[in-house]
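The chains referred to below are lettered A, B, ... by the order of the sequence lines, with proteins before strands, and numbering in each begins at 1.
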Number of protein chains: 4
Amino acid sequence: MCRVFSKDATQAPRVRGRPRSAELRKRILDAGARVVSETGADVGFEAIAQAAGASRTTLYRWWSSPEELLLDALLDSVQSSIAIAPDMPVLMQLRTHLDSAAAILTDPLTWAPLRALAAAALSKDAAHAAFYEHWLAPRRAAARTLIERGISDGTIIPANPDVHIDVLFAPLYHRALFTNGAISDNLVDELLRIIATHQP
Amino acid sequence: MCRVFSKDATQAPRVRGRPRSAELRKRILDAGARVVSETGADVGFEAIAQAAGASRTTLYRWWSSPEELLLDALLDSVQSSIAIAPDMPVLMQLRTHLDSAAAILTDPLTWAPLRALAAAALSKDAAHAAFYEHWLAPRRAAARTLIERGISDGTIIPANPDVHIDVLFAPLYHRALFTNGAISDNLVDELLRIIATHQP
Amino acid sequence: MCRVFSKDATQAPRVRGRPRSAELRKRILDAGARVVSETGADVGFEAIAQAAGASRTTLYRWWSSPEELLLDALLDSVQSSIAIAPDMPVLMQLRTHLDSAAAILTDPLTWAPLRALAAAALSKDAAHAAFYEHWLAPRRAAARTLIERGISDGTIIPANPDVHIDVLFAPLYHRALFTNGAISDNLVDELLRIIATHQP
Amino acid sequence: MCRVFSKDATQAPRVRGRPRSAELRKRILDAGARVVSETGADVGFEAIAQAAGASRTTLYRWWSSPEELLLDALLDSVQSSIAIAPDMPVLMQLRTHLDSAAAILTDPLTWAPLRALAAAALSKDAAHAAFYEHWLAPRRAAARTLIERGISDGTIIPANPDVHIDVLFAPLYHRALFTNGAISDNLVDELLRIIATHQP
DNA sequence: TCATAATCGAGACGGTACGTCGGGTCTTTGT
DNA sequence: ACAAAGACCCGACGTACCGTCTCGATTATGA
């Protein structure tokens, strides 16, 4: 999972002129996550620039909207959490997956940007597309392969995999975003039990 | 289900000054729903007032934010759809409930205000509270009594009712708001089948 | 000097319907003078109505602008101060006249409305005309006859009477409105001495 | 006489950001004078900005009220008219002074802003202070030295200099602002003759 | 006595301008 | 070439006052 919008400074081909400051980039992304978690979902470049001690112009150079910046920040902060042992039982892998999602939706430093992205997705088509493509779709794809394997080996009740995906993920997002319901480990367990064939 | 923020003009107790125009109120609410379905979720009083042929100050007199107005509009437009025959089988009643929700999430004139409310709920705490209290909570409460009855009479698998509620509703909202997934009759059926004890 | 804009309630020909409240009229005019002397020259009907404990509608019924109201108030409060003994020496009569003007420009309850009228006269043509016709012109006319008599009997140096009028009155208004210069009895004396032929 | 409220852009010490556009400043001041002379004394930033083809926010950046702007415009347009030959007879110098004032009070492009400033001075204390300090006071001070010299060399009748100042200037302003009396060369001559010892 | 008619208070409504805020673009100097 | 600073335009915001209007309540007159 690489940075999407902002060019990757680490691998940049050395051109003429002053190189981009990697330290500044990180400071800005951190500031974005921090601001959005402190002052609410509708952040502007203004606030982020100020929190980062950077100039507004600089932000405009690298991101075309605060949402892009926050998506970068979010992806940066979760880029290591995707690796999954491939030879575990399907339900165990799914559980790991869901736990990871639950963790993201619980930690303020990831939940707040995510909520801001969701808010933007509901307002602007471009943000909607980006949110779906770069955040939801990959996670749904990963879950889909697992669920299909589970159905074929009989551990998951046979049904439309997309419905299964929604049954597993939608409650998490719904609670995190709209209901203030707790996202406990129990919740993941209960959701998995509902779509599993054998009850443990 | 009554109008929440704007006083009901029809039953007004005839006080001193010029009475409020009920016709104007309706025109404004309709304009709100229309504008939000045409131009996207972040509407301002400006646009609504113009579309309604009303003055901006009039809107400010009755609603303190566009979200309040849209919530009023939404509640007005669904206020008749709650009645349910009380002696049907539980699953049938649940199905009616979910179909009603699915209809709201499908018709642009209700879906668009709802989406705008959801967007606002993610940005402002006040909007979050209002959205939950006046929209989500009543519907969850109605579903909860049905689900509890279903569990006790054995037609629904025993588990935490709140999880059941989420399993039924969250996928609908998730598809309507974030995924562009279709909200078909099939979907409702499949969700119900998942939590039902006997498969038809 | 009668009230200009608002019909005189005391002498009104008895018609059908509820008669106008003279007490209310006075309360409003007083409130106008009071408000303008307390909160500055740009008063609106809003403020006056509130100060008078009257309805804005009532003010609109009787005056078409706050300036008209203030002119009424001003004329009411000075209507007795014009009588002058006709057989005094000219300079004495002029002095009485100027003293009266100086008193008006000194007492806050007349000075403030006058200043407001002047301010309005500089902004709106209608107010300018009313201010000139109903306030300045009568006073200039009275002074003019005195000055012409003074010139013909040799007590005032012969020159354009209009210039004399300006020399006598303009400094008073200038000091009252723009300079914060004192309007003392001395001032009137010195002005008169300048245009008089024999120095006392 | 320098610009009072808006920093002088020509001599700016070249700092970091984008420099202020001197051309825009002039366009705004000109627009201010033009608008006030065409549409009357109560101008807002709105109208001036539109006439200048500038943004309202830009006006707010540099002036805190339309009056400040108009004072700047007025001072800009008269800044060269103060120089006076120092070795003329006192009455001639005074005459030059008064002629200059009369010219300002006659030309619509200076008279209109001046009238607007006077109107503001009658309504707001801050405007009053600015009008007195930056417009009236300097001119009175200049006149005062002349008059004192005239008194000491016997060409002006001995009296309080402040009264002389008022006798000379107040009629001009009074006619320009309230009476619609003509401000002719004759007027200045007659006023001077009144305070002079020897009649030419 | 009762209809008539005007005053007066209250408040809705459309409209205009206000002063502010943030977004996005540009122009300059500094690194 | 990057970065900071700041001018500039634009649009929307929430407010305030204006002027008009539609009511109900009151208070007098005249049939």
* Mind checking whether C:Arg25 and C:Asp76 have side chains closer than 4.5 Å, heavy atoms only? -> yes
* Asked: Taking CD from C:Glu23 and C1' from E:dG9, how many angstroms apart are they, rounded to a whole number?
  -> 15 Å
* Hey, could you give me the CG/CG distance between A:Leu74 and A:Leu109, rounded to the nearest 0.5 Å? => 10.5 Å
* May I ask you to list the residues of residues 32-52 of chain B, by number, that have any heavy atom positioned under 4.0 Å from an atom of DNA chain E? => none
* Can we say C:Asp30 and C:Arg34 salt-bridge, meaning some charged N sits less than 4.0 Å from an Asp/Glu carboxylate O? -> no
* Measure distances between side-chain N and O atoms of D:Arg16 and base N and O atoms of F:dA4, and say whether any donor-acceptor pair falls under 3.5 Å. => yes
* Closest nucleotide of DNA chain E for A:Pro66 versus for D:Gly17: which of these residues is on the 5' side? -> A:Pro66
* **Side chains of D:Ile28 and D:Trp63 in contact at under 4.5 Å (non-hydrogen atoms)** => yes
* Asked: Does D:Ala73 have any side chain to side chain contact (heavy atoms under 4.5 Å, CB included) partners at least two apart in sequence or in another chain, and if so, which?
  -> D:Leu29
* **5'-most by nearest nucleotide on DNA chain E - C:Gly53 or D:Tyr60** => C:Gly53
* Structure fact -> Assert: residue with more 5' nearest nucleotide on DNA chain F, out of A:Leu24 and D:Leu59, is A:Leu24
* Considering residues at least two apart in sequence or located in another chain, which fulfil the side chain to side chain contact (heavy atoms under 4.5 Å, CB included) criterion with C:Ala112? -> C:Val36, C:Ser37
* Which nucleotide in the set F:dA4, F:dC9, E:dG9 lies at the smallest distance from any side-chain heavy atom of C:Ala54? -> E:dG9
* Asked: Counting side-chain heavy atoms from C-beta on, which of F:dA7, F:dA16, F:dC2 comes nearest to B:Thr57?
  -> F:dA16
* **Nearest to side-chain heavy atoms of D:Arg20, which nucleotide of F:dG19, E:dC18, F:dC8** => F:dC8
* To do: Can you tell me the distance, in whole Å, between the CD1 atom of B:Ile28 and the C1' atom of E:dG14?
  => 11 Å
* Under 3.5 Å donor-acceptor pair, D:Thr58 side-chain atoms to F:dA7 base atoms -> no
* Asked: Any donor-acceptor pair under 3.5 Å between the side chain of C:Arg56 and the base of F:dG19?
  -> yes
* Qualifying residues under side chain to side chain contact (heavy atoms under 4.5 Å, CB included), relative to C:Ala121, sequence neighbours excluded -> C:His128, C:Phe131
* **Presence of D:Trp62 side-chain N/O under 4.0 Å of F:dC8 phosphate oxygens OP1/OP2** => yes
* Enter the distance from A:Ile48:CD1 to A:Leu59:CG here, rounded to the nearest 0.5 Å. => 6.5 Å
* Asked: Starting at CH2 of B:Trp63 and ending at C1' of F:dG14, how long is that distance when rounded to a whole Å?
  -> 17 Å
Can you give the donor-acceptor pairs under 3.5 Å from side chains of residues 51-58 of chain C to other protein atoms, not counting sequence neighbours?
from, atom 1, to, atom 2, distance (Å)
C:Ser55, OG, C:Thr57, N, 3.3
C:Ser55, OG, C:Thr57, OG1, 3.2

* Structure fact -> Value for CG (D:Leu70) from CG (D:Leu75), rounded to nearest 0.5 Å, stands at 10.5 Å
* To do: Determine whether any donor atom in the side chain of D:Arg18 lies under 3.5 Å from an acceptor atom in the base of E:dC26, or the reverse, and answer yes or no.
  => yes
* Structure fact -> The correct set of residues in residues 116-129 of chain B placing a heavy atom under 4.0 Å from DNA chain F is none
* Structure fact -> Looking only at E:dG9, F:dC23, F:dA7, the nucleotide nearest the D:Arg61 side chain is F:dA7
